[in-house]
Amino acid sequence: MKITLNRINDDFLFECSNEQGNSILLDNTTLPGAKGVSPMQSVLMAVAGCSGIDVVSILKKQRQNITDFKAEVEGERVQVDEAKPFKSIKVKFFLEGEIDPKKAKKASELSFEKYCSVSKTLEPNVEISYEVSVNGVVV
């Protein structure tokens, strides 16, 4: 796996591309007019994407009919010397459709305990928790 980062303006805007040519923009979001996400925001996005792919994949294999899938991720940071790493991350999944709530909860559990490489990478230093709602009901 390889990522390429290229600076695309005179400030802090970077384009990060993967080997397939897909890209995201990173920027210093503390400045006005930022055109990308901050690197720390991209970490939260990676947790959401990784676990989301797991949950959808598991539920599709179980023939669950997902009509809508959303996630919200919040990270709490703590000052450590000059850096502010994440102390904890909470993921909330919102699923709609003909979905067995027990299967949705189990799929989420499997993602965070077994499959999601992003959360597993962060896990030694970051407390990661999750919540699952199916058709508006927390399971």
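Since we're looking at a predicted model, the values are computed, not measured.
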Subject >> Derivation and outcome, side chain to side chain donor-acceptor pair (under 3.5 Å), residues Gln20 and Asn22 >> reply: CA-CA 6 Å; Gln20 291 81 27; Asn22 301 311; 4.7 Å; no

**OP:** Apply side-chain contact (heavy atoms from CB on, under 4.5 Å) to Leu95 and Thr67, showing your working.
**Re:** CA-CA 8 Å; Leu95 294 93; Thr67 57; over 6 Å; no

**OP:** Could you please spell out the steps behind the side chain to side chain donor-acceptor pair (under 3.5 Å) verdict for Thr30 and Asn28?
**Re:** CA-CA 6 Å; Thr30 63; Asn28 181 346; 2.5 Å; yes

Subject >> Stepwise side-chain contact (heavy atoms from CB on, under 4.5 Å) check, Glu131 with Lys90 >> reply: CA-CA 8 Å; Glu131 178 180 288; Lys90 178 156 189 179; 3.7 Å; yes

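With sequence neighbours excluded, the residues satisfying salt bridge (charged side-chain N to carboxylate O under 4.0 Å, His left out) with Lys106 are Glu109. Considering only residues two or more places apart in sequence or on other chains, Lys120 meets the side chain to side chain donor-acceptor pair (under 3.5 Å) condition with Glu123.
Residues Asn9 and Phe14 fail the side-chain proximity criterion, which asks for heavy atoms closer than 4.5 Å. With contacts defined as side-chain heavy-atom distances shorter than 4.5 Å, the pair Val47/Leu122 qualifies. At a threshold of 4.5 Å between non-hydrogen side-chain atoms, the residues Phe112 and Ser51 count as touching. Looking only at side-chain heavy atoms (C-beta outward), Ile66 and Glu96 stay at 4.5 Å or farther from each other. Side-chain contact between Asp11 and Asp27 is absent, with no heavy-atom pair separated by less than 4.5 Å. Residues Val132 and Val138 are not in side-chain contact: their nearest non-hydrogen atoms beyond the backbone lie 4.5 Å or more apart. Residues Val78 and Lys84 fail the side-chain proximity criterion, which asks for heavy atoms closer than 4.5 Å. The shortest distance between side-chain heavy atoms of Gln62 and Lys60 does not fall below 4.5 Å.
Side chains of Glu15 and Ser23: a donor on one and an acceptor on the other come within 3.5 Å.
At distances below 3.5 Å, not a single donor-acceptor pair connects side-chain atoms of Ser133 with backbone N or O atoms of Gly136. Looking at Glu74, its side chain never comes within 3.5 Å of a backbone N or O of Glu76 through a donor-acceptor pair. A donor-acceptor pair under 3.5 Å links the side-chain atoms of Asp54 to the main chain of Cys116, judged by distance alone.
Heavy-atom minimum distance, Ile128 versus Ser119: CD1-CB, 3.4 Å. Minimum heavy-atom separation, Val37 to Thr29: C-CG2, 3.9 Å. Nearest heavy-atom pair across Cys16 and Leu5 is SG-CD1, 3.6 Å. Of all heavy-atom pairs spanning Pro39 and Ser42, the tightest one is O-OG, 2.5 Å. The shortest heavy-atom contact between Ile99 and Val134 is O-CG1, 3.8 Å.
No continuous path of ILVMFWY side-chain contacts below 4.5 Å connects Phe94 to Val139, so the two sit in separate hydrophobic clusters. In the hydrophobic clustering of this structure, Val118 groups with Met40; members are Ile, Leu, Val, Met, Phe, Trp, Tyr whose side-chain heavy atoms approach within less than 4.5 Å, directly or through other members.
The pair Glu127-Lys87 does not meet the salt-bridge criterion, since no charged nitrogen lies less than 4.0 angstrom from a carboxylate oxygen.
Taking CG of Asn18 as the start and CD1 of Ile3 as the end, the distance is 5.5 Å to the nearest 0.5 Å. To the nearest 0.5 Å, atom NZ of residue Lys35 and atom CG of residue Leu26 are 14.5 Å apart.
Remark: aromatic rings of Phe93 and Phe69 are close, center separation under 6.0 Å.
If you run side chain to side chain contact (heavy atoms under 4.5 Å, CB included) between Ser111 and each of Val56, Val91, Ile53, Val55, only Val55 comes through.
If you chain together ILVMFWY residues whose side-chain heavy atoms come under 4.5 Å of each other, Ile58 ends up grouped with Leu110, Tyr115.
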